[in-house]
Amino acid sequence: MNQRLKQHIHDALKVCYELGTLRSLIYPDIDLEIPARSEHGDFSTNLAMVLARTEKTAPRKVAETLVSVLEETASDWGRVEIAGPGFINFFMAAGHWFAVLDEVHRRGPEYGRSAMGRGKKVQVEFVSANPTGPLHIGHGRGAATGDAVAAVLSAVGYEVQREYYLNDAGNQMYTLGRSLLLRYRELLGESLEFPEECYQGEYIRELAREYLEQKGALLLDLPEQDAVREIGSFGGNRIRDGIDRDLRDFGVCFDNWYSEQSLYDCGAVERGIAVLKERGLTYEKEGALWFRTTDFGDDKDRVLVRSNGNMTYFASDVAYHRGKFERGFDRVIDVWGADHHGYVPRMKAVLAGLGRDAEDLQCILVQLVNLLRDGKQVAMSTRSGEFVTLREVIDEVGRDACRFIFLSRRSDSQLDFDLELAKKQSNENPVYYVQYAHARVCSINRNAAEAGLRLPTAGESNLGCLTLEDELVLVKLLARYGDVVEGAAQNCEPHRIVFYLQELAARFHSYYNKGRVVTEDLETSRARLYLVNGVRTVLENALLLLGVSAPERM
RNA sequence: GCGCGAUUAGCUCAGCUGGAUAGAGCGCUGCCCUCCGGAGGCAGAGGUCGCAGGUUCGAAUCCUGCAUCGCGCGCCA
């Protein structure tokens, strides 16, 4: 609808230029916004104010000139007026609005999707927690965010891949193996000191016990190196499987698990370094190899190869990101914990160093989750192994509430997550408010079916029966849904969907309380059923983007 | 010290990339069950958008400085 309106405005501007009533001869991007106040119309543009400068004419005067042309065609779609300092406000005829209902019903689950990103491949990499322990609640927020961003991008037409980067190379896997081996030996009666740098969590003991039960005491006969590698790879696999299982139960499913070790095995890390060398972006200092990331805006250079010959994680990150683009992605999105924000400039530098536009990489920083119970902070410390796992939270509060809460703020703002509040099935908990709206429509449908009323399909009902102000408001909200999805996609901000859902649910509940959908009047009942099921479709579509279910009963 | 981010109602937060009289939820006060599900609705109180300048027709939004808070600044992973 606003595309057509923009075209009208563009045409009007052209006419003014041809008539000579306006002389700027420029066509600025037409900014159509939905005013906060309905008295200001359904749409509004500041075009006259933008043109005022080059026209050297008062904004209102420019607006009058434009409006005089716009009015010639206005009767087809509504009316125009000038307001305030020079806004041009558009009021669409009600019939135009109610036509979206047909679109909602015709497209069903497709309604709200668009072709904005058609033909482009984008990868969203998220969670990517080290496979050295179970996921905790912070990973859950990253998972919900990454998954929803992926879903939203996919809804606007991108070809999307969800990827988990598995840090299975380097020191930490060795540390995992060592931690396990020590616990294993403890179980076999040895008394020893458990080093601080080893993983402290109780799960280490459990895995060691599991290994012992399955394979027995044979590790004691192996050289230490081999024993560490053996039990480490056992533990790493078990932990990875556990992570995968937790994520699936959280409704997150990765298309690809990408192994860091594989980058070493196939020589990609060496090649990545070689490319930077060839481009003259590296130098040696004090026995180490450096990448001059400061050439691209980083505040200091970074080491690729240490003086002891070991590669840094940064070196494999270069290879990893280079590989992403070689795999054909046009855009790459990394979802990180906000404590990694310092890594953004150096990763952007990697892209620039490889000859890519740094904008092709977007980093979404997810702030930490502040876990509360009844308003009191729950102490957590990864080092001591005392943390609340994602698994525990899912089991306790449920997947829907969890995901909804995680997505209810912008990702870069901190989030209070109160376990007791999340469990409450009350008005303090916004998930149920939205889901309840959906269940309510389903309930109305059941009721209508009992009364022998069938759900009307497109064109079957008389939309002229929808004369209430609330009905128009609802339909306008439905019409906005596509823009909301596009905005969420463009900005990688799934929380916009959450806010939209709350508004839609609120308008629906309000409407529901004012009168009945199923009345004695058959024609009105059918039209209202048609409307209310349009609402239901959009509620469902939006909830599914967030990975939250749309229940028919609660 | 340098860098990044935050600062909006009692609390938790939005604010559509610079628009018109700054919004929502919770909490608080007072109402609404003859009615398709009350996990609901209606009404009300509540603001110096951290502070000070600047940019322009117009600033919560952009720029500069300051204050407070958080995070990050290894040849760690």
Side-chain angles (χ1 to χ4, degrees), chain A residues 31 33-37 39-40 44-46 49-50 52-53 58-60 83-87 89 130 132 167 169-173 175 197 285-290 298-300 302-314 337-345 365 367-368 375 408-410 412-416 418 421 424-437 439-448 450-451 480 483-484 487-488 490-491 493 495-496 498-500 502-503 505-506 508-519 525 528-529 532 553-554:
Chain A
D31 185 23
E33 68 169 50
I34 299 174
R37 314 178 68 82
E39 310 95 86
H40 295 143
S44 175
T45 182
N46 60 355
M49 279 142 27
V50 172
R53 182 183 305 231
R60 284 194 69 107
F87 290 104
N89 295 339
N130 294 340
T132 55
N167 291 107
N171 224 338
Q172 56 192 351
M173 291 314 288
T175 305
E197 70 271 18
K285 190 178 89 182
E286 292 161 15
L289 184 72
W290 298 70
D298 198 3
D299 45 6
K300 55 186 293 191
R302 308 290 168 181
V303 171
L304 292 165
V305 186
R306 287 189 268 163
S307 52
N308 67 5
N310 287 346
M311 308 278 186
T312 60
Y313 270 71
F314 186 51
D339 52 342
H340 288 70
H341 66 77
Y343 293 67
V344 175
L365 300 173
Q367 266 293 357
L368 57 94
S408 64
R409 310 224 181 303
R410 344 172 18 119
D412 57 2
S413 89
Q414 285 195 19
L415 172 72
D416 288 342
D418 192 308
L421 198 134
K424 273 191 202 159
Q425 307 199 347
S426 75
N427 51 0
E428 289 170 80
N429 195 336
V431 200
Y432 301 106
Y433 183 79
V434 174
Q435 287 185 318
Y436 184 52
R440 245 182 177 171
V441 179
C442 295
S443 169
I444 293 170
N445 286 343
R446 290 189 291 269
N447 200 273
E450 255 176 58
R480 241 179 59 199
D483 287 343
V484 172
Q490 259 163 350
N491 299 284
E493 290 182 346
H495 75 278
R496 294 184 187 212
V498 172
F499 282 86
Y500 172 82
Q502 284 176 325
E503 190 179 349
F508 168 73
H509 284 309
S510 169
Y511 174 62
Y512 174 91
N513 268 276
K514 277 190 195 157
R516 294 181 56 89
V517 170
V518 180
T519 68
S525 301
R528 288 182 178 172
L529 259 185
V532 143
R553 287 191 162 86
M554 295 173 65

- Query: If we require ring centres under 5.5 Å and near-parallel planes under 30°, does His495(A) stack on rA14(B)?
  - Reply: no
Expected label for rU8(B) (glycosidic angle, syn inside 90° of 0, else anti) would be anti
### Query
Is Ser44(A) side chain donor-acceptor paired with the rA20(B) base, going by distance under 3.5 Å alone?
yes
Answer for the Watson-Crick or wobble partner of rC36(B), both distances under 3.5 Å, is none
On a plain distance test, is the side chain of Asp299(A) in donor-acceptor contact with the base of rG3(B) below 3.5 Å? no
Open item on the list: Whether the side chain of Asn46(A) and the base of rA20(B) hold a donor-acceptor pair under 3.5 Å is what I'd like checked.
Closed with: no
Can you find an N or O donor on one side and an acceptor on the other, under 3.5 Å apart, linking the side chain of Tyr343(A) with the base of rC76(B)?
yes
Side chain Ser307(A) and base rC75(B) donor-acceptor under 3.5 Å:
yes
In Watson-Crick or G-U wobble terms, with both distances under 3.5 Å, the base opposite rG47(B) is none
- request: Specify whether His340(A) and Tyr343(A) have parallel, tilted or perpendicular ring planes, treating 30° as the upper limit for parallel and 60° as the lower limit for perpendicular.
  value: tilted
Return the stacking result for rA39(B) and Tyr433(A): yes when the ring centres lie under 5.5 Å apart and the planes under 30°, no otherwise. no
Q) Does a donor on one side chain and an acceptor on the other come within less than 3.5 Å for Gln367(A) and Asp412(A)? A) no
Under 6.0 Å from the six-membered ring centre of Tyr512(A) and within 45° of its axis: does the NZ or CZ of Arg440(A) meet both? yes
In Watson-Crick or G-U wobble terms, with both distances under 3.5 Å, the base opposite rC11(B) is rG25(B)
